[in-house]
4 protein chains.
Amino acid sequence: MVKKPAPDTTRRSEKSRRAIYAAALALVGEVGYPKTTVEGIAARAGVGKQTIYRWWGSKADVLLEAFLDLGEQAAQAAGQEPYAIPDTGDLAADLKAVLRATVDELLDPRFEAPARALAAEGLVNDQLGREFVTKLLEPQLQLYVDRLRSAQDTGAVRPDADPRIALELFVSPLTQRWLQRTAPVSHAYTDTLVDYALYGLAPR
Amino acid sequence: MVKKPAPDTTRRSEKSRRAIYAAALALVGEVGYPKTTVEGIAARAGVGKQTIYRWWGSKADVLLEAFLDLGEQAAQAAGQEPYAIPDTGDLAADLKAVLRATVDELLDPRFEAPARALAAEGLVNDQLGREFVTKLLEPQLQLYVDRLRSAQDTGAVRPDADPRIALELFVSPLTQRWLQRTAPVSHAYTDTLVDYALYGLAPR
Amino acid sequence: MVKKPAPDTTRRSEKSRRAIYAAALALVGEVGYPKTTVEGIAARAGVGKQTIYRWWGSKADVLLEAFLDLGEQAAQAAGQEPYAIPDTGDLAADLKAVLRATVDELLDPRFEAPARALAAEGLVNDQLGREFVTKLLEPQLQLYVDRLRSAQDTGAVRPDADPRIALELFVSPLTQRWLQRTAPVSHAYTDTLVDYALYGLAPR
Amino acid sequence: MVKKPAPDTTRRSEKSRRAIYAAALALVGEVGYPKTTVEGIAARAGVGKQTIYRWWGSKADVLLEAFLDLGEQAAQAAGQEPYAIPDTGDLAADLKAVLRATVDELLDPRFEAPARALAAEGLVNDQLGREFVTKLLEPQLQLYVDRLRSAQDTGAVRPDADPRIALELFVSPLTQRWLQRTAPVSHAYTDTLVDYALYGLAPR
DNA sequence: ATGTAATCGAGACGGTACGTCCCGTCTTTTC
DNA sequence: GAAAAGACGGGACGTACCGTCTCGATTACAT
């Protein structure tokens with residue numbers, strides 16, 4: 001197998017990289033992912049196609065990095081953002097707060113188009129799906145695992161519950177509603193999810 | 001606006017339709033959705049491209065119909081299938097049974113590739129997403145709504161719980177694990193989901 | 001070896017073919033052969049690139065056919081063209097007349113650019129060179145062979161002279177001057193060539 | 001207009017220049033002129049592309065210089081070569097001898113590829129054509145002019161013949177046969193050319 | 001039983017985008 | 001300050017499919 005020689009990262013044009021990120025995100029937002037083309041990104045970024053192919057393997061790769069970068073930018077802009085779920089002692093309140101923030105983010109049009117596109121591509125493209133999950137999804141989910149573990153310590157959650165599964169009770173429904181547009185998402189909705197998940201559907 | 005005259009359905013070639021379904025499903029399984037092309041389907045089905053464009057609007061449409069047809073075929077083959085969730089009086093048992101069957105289906109390679117492809121396309125293509133949800137997803141979910149309503153009548157589920165949200169506690173996690181491959185799905189997993197959803201994460 | 005299936009000639013678009021010929025000749029004339037691109041020809045002809053690649057293997061092939069067609073058009077337009085060198089009995093006069101006509105043609109800008117381009121490409125591209133020679137050059141030269149043979153019958157040319165070589169004495173110098181622009185060509189020049197060739201450089 | 005400052009010739013790397021010549025000639029011989037690229041020459045010569053663009057304007061320029069250099073090398077290697085046509089008093093014999101040597105050179109594969117490539121490029125590229133003719137062709141032809149002038153002094157050639165045209169009678173046919181491959185070249189062929197040119201085609 | 005109109009397999013067509021190859025320029029580091 | 005290295009913006013390559021458009025050949029209905 002002939003591996004093409006890796007390009008020299010130290011010579012890379014930062015300006016072009018930023019322009020490519022911006023163009024990719026803009027195009028996905030404006031014309032949608034399927035109509036976003038490498039050629040279009042290059043033209044919009046004022047860049048040669050080869051500059052894209054030199055550093056990325058596909059438009060999906062570009063978009064993933066652009067999206068990760070967007071997340072970092074937003075994080076920095078928001079000041080030192082916690083990267084942890086608050087722990088006020090009131091689990092229900094903490095989860096509801098975080099999920100409300102998540103809802104707001106999901107409804108932000110700047111995030112929506114690329115996030116949806118990446119999720120879709122990840123379903124069908126194994127390699128990208130793997131990256132999407134490990135780089136974006138898992139770190140988020142881990143925060144819930146941590147908070148639930150803490151709740152188990154204080155007795156707010158049953159000690160035998162598997163936190164990795166438990167978090168799915170409120171996270172997955174939200175994700176699915178948003179991705180598949182089966183129904184609108186709202187703060188009331190996520191509040192309800194938390195209540196159902198914590199206290200069960202069966203009468204107490 | 002000139003609407004193209006609807007073709008004469010009575011003259012439609014049943015043989016071609018079936019060949020197109022078969023070719024579409026086979027190709028999606030073999031080379032994946034993105035590499036499946038209308039041209040490829042036509043060639044494999046021994047059919048002119050126009051025959052596809054005459055009856056469907058895109059490869060996604062073809063695949064959706066092919067998949068619906070596949071479902072019907074499977075249903076008929078399986079004899080009278082319930083199209084309802086059993087109601088033995090034991091809600092937990094009934095849900096676990098249905099979800100176990102669902103897991104088995106999701107792991108069937110014949111279903112996996114096209115289902116995943118359609119889900120992915122639906123995320124990014126509004127019109128198809130809508131159809132996917134209404135024709136495939138909603139009917140399934142409605143069965144859970146019905147069963148949960150019945151459970152509310154018998155007092156097994158709190159009367160104030162919204163069944164449409166309640167079902168998401170166990171259905172969405174399964175869907176997401178399967179679609180995004182965040183973790184493997186199994187009978188044990190869905191059993192756990194049902195328990196958590198019914199009895200809550202908080203200690204009783 | 002996988003030979004791609006020959007396209008169906010009967011379905012070929014005559015209009016596109018003509019448009020491609022016209023575009024190719026125009027572009028070679030306007031921007032020169034090296035800057036003439038398949039893409040440019042397609043755009044100018046209002047044709048998809050594939051339509052060119054379906055019927056020709058390269059821009060050189062296109063130009064060769066376009067040029068042959070141009071010759072046929074011109075021939076038809078000129079009414080019954082001779083396709084033979086006149087035979088008035090006066091060999092010198094006949095050759096001078098034909099060569100003067102050739103000079104006029106070589107100086108016609110409509111012929112010059114494509115002819116020069118094809119000659120150049122033929123030097124470096126064996127396959128095209130072969131075609132250029134057999135389809136364009138040889139038929140022309142054969143006319144001289146015929147006329148010289150006739151001259152040998154009447155005693156105007158030595159019977160032991162090889163006509164195929166003899167004709168080169170006046171044809172090749174003209175060709176080379178024109179192609180390589182070593183010196184201008186004119187009626188006087190070709191007249192001189194005929195005289196030198198017939199009567200020799202040595203004193204009589 | 002800003003003319004780029006001429007680089008400092010005294011600092012030029014002789015080693016690189018030689019390597020570039022060698023690479024250019026080798027590549028033209030191996031893959032042909034059209035597939036010979038500046039990038040390829042640079043890589044093969046172990047040289048940066050800029051080093052080529054600093055000293056030459058195009059691959060044609062490089063090849064022309066490389067070819068001229070090759071000629072000088074060959075000349076030096078062959079010992080002090082005459083750079084004049086021998087003058088034994090027998091014009092026919094002298095011309096035949098020189099033309100036989102020329103035939104040998106034309107058939108030498110080391111000369112063939114680059115010479116043909118340069119001739120072809122010259123047909124289509126005015127500037128290079130001009131250089132090719134003045135630097136390579138004309139000096140050669142001038143030798144014939146000189147020898148024919150001398151022959152006119154001794155009465156072996158008619159005094160009113162224009163030597164510049166006369167030489168074309170035997171030189172151009174040879175050139176054309178070789179370049180356009182209309183027919184093979186050989187010693188017998190050039191001998192015949194000389195005879196025909198000197199004594200004419202008409203019976204004496 | 002025949003005429004006729006629509007579907008069918010086939011595939012050429014005008015296009016768009018692909019991913020690759022080079023162009024000629026520019027920048028960085030080394031000698 | 002030339003040289004090796006190679007990233008850059010750009011343009012064209014030749015290919016793959018798109019969705020539309022003719023072509024006969026077939027087919028199934030209305031006469």
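These numbers come from the heavy atoms of this one structure, side chains and all, not from hydrogens, waters or symmetry mates. Note on naming: letters A, B, ... go to the chains in the order of the sequence lines (proteins, then strands), and numbering restarts at 1 for each one.
- Remark: C1' of dA10(E) and CD1 of Ile52(B) are 13 Å apart, rounded to the nearest angstrom.
- For the segment residues 36-49 of chain A, the set of residues with a heavy atom within less than 4.0 Å of an atom of DNA chain E comprises Thr37(A), Val38(A), Glu39(A), Lys49(A), in numerical order.
- One finds no salt bridge joining Arg44(B) and Glu39(B) here, because no Lys/Arg side-chain nitrogen approaches an Asp/Glu carboxylate oxygen to under 4.0 Å.
- Across the protein-nucleic acid pair, Tyr53(C) atom OH and dG11(E) atom C1' stand 21 Å apart, rounded to whole Å.
- Between Lys35(C) and Gly57(B), the residue anchored nearer the 5' end of DNA chain F, judged by the nucleotide with its closest heavy atom, is Lys35(C).
- The shortest distance between the side-chain N/O atoms of Thr51(B) and the OP1/OP2 oxygens of dG9(E) is below 4.0 Å.
- Residue Arg54(A) contributes atom CZ, which lies 12 Å from atom C1' of dC21(E) at whole-angstrom precision.
- Here the side chain of Arg110(D) pairs no donor or acceptor atom with the backbone of Leu70(D) at under 3.5 angstrom.
- Proximity of a side-chain donor or acceptor of Thr51(C) to a complementary backbone N or O of Val47(C) within less than 3.5 Å is not detected.
- Closest to the side chain of Gln50(C), from the set dA16(F), dA4(F), dA12(E), is dA16(F).
- Within the structure, every side-chain polar atom (N or O) of Trp55(B) is placed at least 4.0 Å from both OP1 and OP2 of dA6(E).
- Of the residues in residues 9-23 of chain C, Arg11(C), Arg12(C), Ser13(C), Ser16(C) come within less than 4.0 Å of DNA chain E through at least one heavy atom, sorted by number.
- Going from atom CG of Asp61(C) over to atom P of dC13(F) covers 14 Å, rounded to whole Å.
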